[in-house]
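Atoms considered below: every heavy atom in the structure, side chains included; atoms not considered: hydrogens, waters and symmetry mates.
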Amino acid sequence: MTQHSTTTARTDAVRAVVVVAAGSGTRLGIGTAKAFVPVAGRVMLARALEPLFTLAEPVFVVVVAPDALLGQCREIVDDVAGVASAYTAVVAGGVDRHASVQAGLAALPPSVESVLVHDAARCLTPASQFQAVFDAVAQHGCGIVPALPVTDTVKRVSDDVVLETVDRSSLVGVQTPQGFPLSELRAAYATSTQSETDDAGVFQAAGGTVRFVPGDADAFKITTAWDLRRAEAVVAGGAGLSVRVGLGMDVHAFDATAPCRVGLLDFPGEPGLAGHSDGDAVAHAVCDALLSAGGLGDIGSRFGTSDPAYAGATGDVFVRGAVQALASMGLRPERVTVQVIGNHPRIGARREEMQDALAAVVGAPVAVSGTTTDGLGFTGRGEGLAAIATAVVHRA
């Protein structure tokens with residue numbers, strides 16, 4: 001194995017990150033190792049490393065790179081790490097990812113107790129995700145992966161025939177970094193008899209327990225040219241750095257037998273809105289906008305559409321749930337705008353009251369406006385109420 005590292009490398013860190021940057025990037029179609037491809041003017045590897053040197057406690061960082069690019073890799077690491085470069089090493093990768101991870105683990109100093117394995121291709125992963133995984137490993141003493149709910153409908157197929165729809169409520173999409181007690185991960189790799197798709201698979205195959213923490217929408221993997229364009233758009237728009245925007249919409253039919261609750265306010269004498277919960281279309285639209293901004297799916301996928309636990313639940317339950325989900329990702333609302341579409345109830349006289357009620361739950365200013373559709377469509381015919389909301393959230 002070829003190893004290239006600073007001669008004064010520190011060995012007292014008890015936490016470490018192995019960054020795997022040895023992939024060829026064939027599917028990206030650019031003709032160079034993927035981690036060395038620029039994303040909006042800065043190579044992927046540099047962007048992947050930057051959050052590691054902002055953590056509260058120092059970490060020992062090992063970068064696993066193609067043998068032919070070790071020198072270039074060392075320059076990138078030194079540039080990003082600065083004075084913390086004494087806590088870094090660069091080693092050559094193996095014939096596949098499995099061998100590359102083993103090379104990275106072998107380069108860790110004896111003081112390290114817990115390690116995260118991270119793909120450089122997930123170069124927009126925020127520092128909060130690294131911290132969350134480290135904290136969970138310390139708390140549970142097992143394998144930890146960041147994950148997001150699966151929001152697409154999933155089908156099981158054979159050739160081009162769809163066999164069945166898979167229940168997505170028990171599915172998550174897994175990201176990196178993935179964290180483990182170092183001694184247990186090394187033992188798992190040493191006894192591994194088959195290739196796994198991620199480090200958690202190797203750990204679990206050896207009998208280890210794996211738990212998950214909430215992932216981050218920005219931690220997507222750059223594999224194709226489309227992914228690269230997406231990453232550049234995120235950087236250009238600032239979303240990967242601080243700000244995200246989400247959109248939500250909800251519609252409910254009127255139900256004269258139900259109490260009317262809109263925007264967390266009661267409207268006595270008005271027909272209510274049909275729904276499994278209280279039918280508050282305004283609160284539900286706000287919830288969807290917040291979840292959308294965090295890449296956390298929607299109200300149906302997160303809370304269910306028929307869960308008995310939410311029968312008759314008021315709209316603030318769902319808005320609070322969305323705010324808590326954002327907080328688990330290190331995000332908080334900055335502002336929300338919602339437009340109510342319908343002939344009644346009239347909200348003009350209670351607009352400020354509604355804004356205050358929503359803002360108290362969201363934890364940020366909420367602007368409310370109302371409009372009609374001049375007699376057109378189901379809202380114009382007085383059959384129901386619609387609401388459209390946008391939410392801006394940022395790093396806490």
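Two rings, from Y310 and H276, have their centers 6.0 Å or more apart. Between F180 and F203, the ring centre distance stays below 6.0 Å. In this structure, the ring of H98 has its center less than 6.0 angstrom from the ring center of Y189.
Remark: D316 engages R320 in a salt bridge (charged side-chain N to carboxylate O under 4.0 Å, His left out) (not counting sequence neighbours).
In this structure, D167 places its CG atom where more than 12 heavy-atom neighbours from other residues, nucleotides or ligands lie under 6.0 Å away. For F267, the CZ atom sits in a packed shell: over 12 heavy atoms of surrounding residues, nucleotides or ligands are nearer than 6.0 Å.
Residues V338 and M249 do not share a hydrophobic cluster, clusters being chains of Ile/Leu/Val/Met/Phe/Trp/Tyr side chains in contact below 4.5 Å. Hydrophobic clustering places V80 together with L52 (ILVMFWY residues linked when any side-chain heavy atoms are closer than 4.5 Å, directly or through intermediates). A continuous path of hydrophobic side-chain contacts links V43 to L70 [ILVMFWY only; heavy atoms under 4.5 Å].
Although no hydrogens or angles enter the test, the distance criterion places no donor-acceptor pair under 3.5 Å between the side chain of Q355 and the main chain of A367.
When all heavy atoms are compared, the tightest approach of T54 to A127 is OG1-CB, 3.5 Å.
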For a quick test of your reading: what N or O donor-acceptor pairs under 3.5 Å do the side chains of residues 150-163 make, sequence neighbours left out?
{"from": "K155", "atom 1": "NZ", "to": "T165", "atom 2": "OG1", "distance (Å)": "2.6"}
{"from": "R156", "atom 1": "NE", "to": "E164", "atom 2": "OE2", "distance (Å)": "2.7"}

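When the options V213, V17, T176 are evaluated for a side-chain contact (heavy atoms from CB on, under 4.5 Å) with V133, the one that passes is V213.
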